[in-house]
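See below for the structure under consideration.
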Amino acid sequence: MDCTLIENLSLSYISSFALRCAVDLDISGRIQAYGRPIPLNELARSIPIPPEKDLMLGRLMTLLVHQGVFGQSQDGYQLTPASELLLTDGSNLGAYVRLFTQSQSTKGWNRLSEVFKDTGNCTLFEKMHDGKKAWEIVKEIPEYGNTFNEAMASQSNSITRGLVARCSNIFDGLNSLVDVGGGTGTTVKIIAEAIPGLKCTLFDLPHVVKNVLKSDSFDVIGGDMFEKIPPADAIFLKKVLHDWDDEVCVRILKNCKEALESSKNGGKVIVVDIVIDLENNDTKAVETSLLYDISMMCIHGKERNKHEWHDIIFGAGYSGYKIYPIKLGVNSVMELYP
């Protein structure tokens, strides 16, 4: 068993690229278009691939079926809740798969041990990209930047639709909300459409929001969260704080608190991020949160457990907080009170 574990972990990178292959071949879309379970030969012709490679495709599908990505009956391959998330007309999490299997994301992992031995604070990502941070590469390489933006939008779509469906009461009594670090507006658009009467604002760096299309449902403001955040009844931070170390997070949360105080309506900060819980009975969720933590470690970020969240929240001067007993994938929902 121990030998099998080591062999499995040594080969696990293949799972990532097998999934990427399924995304690139749009297997989910082809199964959906077929309208019923699709036989292997029909799937192969729809791609299309040469007939002599049908058996190769079958071997790929055997792995992905075993892993629960796709289903299979005697009539052919079927979509599962997981593979439905890859559909481009749905959550489009295939974009997320592409981001994490892009060469800029995968290069250098075999040199992770060097980061521990090196002096200084250079991350693995910086080591592999001539000292440049991830945000610089996103700006410098258009293809990678486009993949990054599409991936963040697809993840935002999935998380935010889950939030408004399962936890809409978190917006009760609010008149205004600012989505800080909201990227191209996927999140704020969903919230604004789901909560009529809530005045929503997208807030991110000027170069990020400059191409966001004007909308009747939300305002757009370019700025820097390290300088000043627009006032509102609620400040929304989704997958923002995990990008930064504790000291920087305290700075961001203090600026959020000032924005709430400027609104003169009390208010709260709503945080959507991972809360690592090693006692969670869902071992796959625990492992995923820990994998995220190592990923974030390699770009100066960090996933946090309850105690670590407690420390930065009170370190920023908040009077209290609440962690909601719901999960959006591996993410939790928190309310912070000034």
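Residues take their numbers from the sequence shown, with the count starting at 1. All of these numbers come straight from a predicted model, not from anything done at the bench.
- In this structure, the side chain of Ser154 engages the main chain of Ala151 through a donor-acceptor pair within 3.5 Å.
- With Tyr34 as the aromatic partner, Arg36 meets the cation-pi criteria of under 6.0 angstrom to the ring centre and within 45 degrees of the ring axis.
- Geometrically, Lys239 engages Tyr292 in a cation-pi contact, judged by NZ or CZ lying under 6.0 Å from the ring centre and within 45° of the ring axis.
- Ring pair His310/Phe314 is tilted by interplanar angle, where 30° to 60° counts as tilted.
- Counting heavy-atom neighbours within 6.0 Å of Asp89 CG, excluding the residue itself, gives a total above 12.
- If you check the side chains of Gln67 and Ser15, you find a donor sitting under 3.5 Å from an acceptor.
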Exercise. Would you check, one step at a time, whether the test side chain to side chain contact (heavy atoms under 4.5 Å, CB included) holds for Leu278 with Val286?
Key: CA-CA 6 Å; Leu278 297 180; Val286 173; 4.0 Å; yes
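- For the side-chain hydrogen bond (donor to acceptor under 3.5 Å, both in side chains) with Lys302, the qualifying choice from Asp243, Asp245, Asp246 is Asp246, the only one to do so.
- Ile323 places none of its side-chain heavy atoms less than 4.5 Å from the side chain of Val333.
- No side-chain N or O of Tyr96 forms a donor-acceptor pair with one of Glu150 less than 3.5 Å apart.
- A donor-acceptor contact shorter than 3.5 Å is absent between the side chain of Asn255 and the backbone of Lys228.
- Side-chain atoms of Ser83 come within 3.5 Å of backbone atoms of Val69 as a donor-acceptor pair (strictly under, hydrogens ignored).
- The residues Arg45 and Glu42 are annotated as not salt-bridged, no charged nitrogen and carboxylate oxygen being separated by less than 4.0 angstrom.
- Within 6.0 Å of atom CG in Leu55, 12 or fewer heavy atoms from other residues, nucleotides or ligands are found, so the atom counts as exposed in its surroundings.
- Looking only at side-chain heavy atoms (C-beta outward), Leu25 and Cys21 come within less than 4.5 Å of each other.
- Here Trp109 and Phe125 keep their ring centres 6.0 angstrom or further from each other.
- Salt-bridge annotation for Asp282 and Lys327: absent, with no side-chain N of the basic residue lying under 4.0 Å from a carboxylate O of the acidic one.
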Practice problem: Determine, stepwise, if the pair Lys268 / Glu335 fulfils salt bridge (Lys or Arg N to Asp or Glu O under 4.0 Å). | Solution: CA-CA 6 Å; Lys268 59 189 174 184; Glu335 281 185 343; 2.6 Å; yes
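- Side-chain contact between Asp118 and Lys127 is present, with at least one heavy-atom pair separated by less than 4.5 Å.
- A 6.0 Å sphere centred on CG of Asp75 holds more than 12 heavy atoms belonging to other residues, nucleotides or ligands.
- Under a cutoff of 6.0 Å and an axis angle of 45°, Lys238 and Phe236 do not form a cation-pi pair.
- When the shell of 6.0 Å around CD of Glu247 is examined, it contains 12 or fewer heavy atoms from other residues, nucleotides or ligands.
- Side-chain contact between His300 and Val248 is absent, with no heavy atoms from C-beta onward closer than 4.5 Å.
- When side chains are defined from C-beta on, Leu237 counts as touching Val269, because their heavy atoms get closer than 4.5 Å.
- You'll find the side chain of Leu112 reaches within 4.5 Å of the side chain of Cys298, heavy atoms only.
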